[in-house]
Participant: 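Once you've had a glance at the structure underneath, I'll fire off some questions.
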There are 2 protein chains.
Amino acid sequence: MSKDIPDICELNFIHQDTVNIVRGKMPPEKPICDVAELFRIIGDTTRSKIICALRFSEMCVCDIAALLNMTSSAISHQLHMMKVAGIVISRRNGKIVYYRLADEHIEQLFNIAFEHITGE
Amino acid sequence: MSKDIPDICELNFIHQDTVNIVRGKMPPEKPICDVAELFRIIGDTTRSKIICALRFSEMCVCDIAALLNMTSSAISHQLHMMKVAGIVISRRNGKIVYYRLADEHIEQLFNIAFEHITGE
DNA sequence: TTAACGATTGAGCAAATATTCAAATGTATT
DNA sequence: AATACATTTGAATATTTGCTCAATCGTTAA
C-alpha cells in the first residue's frame, strides 16, 4: 500500500486558526465569482470608456463608436457583454438602439475607483 | 487624385451634439485607463477571493494558499500584481510576509459590487 | 556555514479575450 | 418590394493572462 498523497492544503499551515476563522467568514464561492465577473467586465479600457460616457447621457451604438473612434461592431460586442451582465440597459427607437447605465451602483464603483487612483 | 479616405469617426454621426457634449465632459484618457486597470486586477476569481479573505484578517502567503487550495507560487504572483497596483500592502516578520488591504476603497468597491449582484 | 523553509521570480504553456471582417437582422423610407 | 442603414452576430486571429514548474532569494536556527 502506498501512502496517501497529501492534499495541497495540508502542506504548509502557518496559522491554522487564522485560516479556519477566515474560512468560516468567507462568502460562498458563487457570489465571489459573480463579483469578480462584474469587475472583470468593467475592467477593460474600452468598456470603462463606454461607462464613463454613459454617465453623462444615454447614447446609441454609432455615437459611442464615433466618440471612441472605434467600429460599431466592436462597440456592439462590448455593449452586448455589458447588457448580459446587467451593467447597461437598452431601448430601441426605430433603427436606433440607445444604451444607458443599468443602475447607480456602476456609477458608485467608478466614483470610488477614481478616488482610489487619485489618492482620495 | 483619389478622394480622401474618411476617418472612421466621420462615418456615422447620428447625434453630433450629444457626442460633442459627452466628449467635453469625459475624463482624460489616463485616469480612465487607470480605473479600468484597477477593475481588471480585482476582476479575477482568485484575486477576488484573496481580497475577500483579507477583509477579515491579514494573512501570509501560504495561509492564503491553504485557504484557497492553491500553490504559494500562484498566490505570490497574484499578490505581487495587487501590490504593484496599490491594492494590498505587505510587512515582513522573519521568513513570513503578511499581506493586508491597502485602503478602505477596496472594501467599499466589494461592498457595492455585492449589493449589485444581490439586487440591493 | 549549512540546512530548512516561506516567499519570490522567470519561462513556458494552455485558456481566455478584444478586435476585425463578413454576413445577417430589424426597421424605416421610397 | 426594394433599398438604406443602424445594429447584431459568428468566426477567425492576435494578444493577453493565470497557473505550473524550477530555480533563487531572504531569513532563521542548528
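Labels below follow one simple rule: chain letters A, B, ... track the order of the sequence lines, proteins then strands, and each chain is numbered from 1.
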Participant: NA contact type, B/Y98, heavy-atom cut-off 4.0 Å: base, sugar-phosphate, or nothing?
Facilitator: nothing
Participant: May I have the distance from B/L79 (atom CG) to C/dT8 (atom P), rounded to whole angstrom?
Facilitator: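 So the two atoms are 7 Å apart, to the nearest Å.
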Participant: Nearest 0.5 Å, what's the CD1-CZ distance between A/I32 and B/F110?
Facilitator: 8.5 Å
Participant: Nearest whole Å is fine: how far is C/dA7 P from B/I50 CD1?
Facilitator: 13 Å
Participant: Please round to the nearest 0.5 Å and tell me the distance separating atom CE of A/M59 and atom NE2 of B/H15.
Facilitator: 9.5 Å
Participant: Rounding to an integer number of Å, can you tell me how far A/N69 CG sits from C/dT19 P?
Facilitator: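 For the pair A/N69 CG and C/dT19 P, the rounded distance is 13 Å.
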Participant: Looking only at the side chain of A/H80 (C-beta and beyond, no hydrogens), which of the listed nucleotides D/dG18, D/dT7, D/dT9 gets closest?
Facilitator: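 Closest nucleotide to the A/H80 side chain: D/dT9.
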Participant: To the nearest Å, give me how far apart CD1 (A/I75) and C1' (C/dA18) are.
Facilitator: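 In whole Å, C/dA18 C1' and A/I75 CD1 are 11 Å from each other.
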Participant: Is A/R40 close enough to D/dT17 that one of its side-chain N or O atoms is under 4.0 Å from OP1 or OP2 there?
Facilitator: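 Answer is no, no contact under 4.0 Å.
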Participant: Identify whether any heavy atom of A/T46 sits under 4.0 Å from a base atom; if not, whether one sits that close to sugar-phosphate; answer base, sugar-phosphate or nothing.
Facilitator: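 Sugar-phosphate: the residue A/T46, judged by heavy atoms under 4.0 Å, touches backbone atoms but no base.
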Participant: Please evaluate the base of D/dC21 for a donor-acceptor partner in the side chain of B/T71 within a cut-off of under 3.5 Å?
Facilitator: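 When only heavy-atom distances are counted, B/T71 does not reach the base of D/dC21 through any donor-acceptor pair under 3.5 Å.
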Participant: Rounded off to whole Å, could you give me the CD-to-C1' distance for the B/Q78 and C/dT9 pair?
Facilitator: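 After rounding, the gap between these two atoms is 14 Å.
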Participant: Specify the separation, in whole Å, of atom CE of B/M81 and atom P of C/dG10.
Facilitator: 13 Å
Participant: Of A/R47 and A/G94, whose nearest nucleotide on DNA chain C comes first from the 5' end?
Facilitator: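 The residue whose closest nucleotide sits nearer the 5' end is A/R47.
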Participant: Among the candidates D/dT20, D/dT8, C/dT19, find the nucleotide nearest to the side-chain atoms of A/V97.
Facilitator: D/dT8
Participant: Is it true that a side-chain atom of B/R92 and a backbone atom of B/G94 form a donor plus acceptor pair closer than 3.5 Å?
Facilitator: yes
Participant: Donor-acceptor check, side chain of A/S90 to backbone of A/Y99, threshold 3.5 angstrom: yes or no?
Facilitator: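 Checking the backbone N and O of A/Y99 against the side chain of A/S90, no donor-acceptor pair under 3.5 Å is found.
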Participant: Do B/H77 side-chain and D/dT17 base share a donor-acceptor contact under 3.5 Å?
Facilitator: no
Participant: In terms of side-chain heavy atoms of A/D44, which of C/dT20, C/dA18, D/dG26 is nearest?
Facilitator: C/dA18
Participant: Can you tell me the distance, in whole Å, between the CD1 atom of A/I41 and the P atom of D/dT17?
Facilitator: 16 Å
Participant: What nucleotide among D/dT9, C/dA18, C/dA28 has an atom nearest to a side-chain atom of A/K95?
Facilitator: C/dA28
Participant: Distance check needed: D/dC5 C1' versus A/I96 CD1, whole Å only.
Facilitator: 10 Å
Participant: Closest nucleotide of DNA chain C for B/S76 versus for A/N93: which of these residues is on the 5' side?
Facilitator: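 In this pair, the answer is B/S76.
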Participant: Do B/V19 and B/R23 come within less than 4.5 Å of each other through their side chains, counting heavy atoms only?
Facilitator: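 Yes, side chains in contact.
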Participant: Any side-chain N or O of B/Y99 below 4.0 angstrom from OP1/OP2 of C/dT8?
Facilitator: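 Yes, such a contact exists.
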Participant: Decide yes or no, distance alone: a donor-acceptor N/O pair under 3.5 angstrom between the base of C/dT9 and the side-chain of B/S73.
Facilitator: yes
Participant: Is the shortest side-chain heavy-atom distance between B/K83 and B/V88 below 4.5 Å?
Facilitator: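 In short, these two side chains touch, coming nearer than 4.5 Å.
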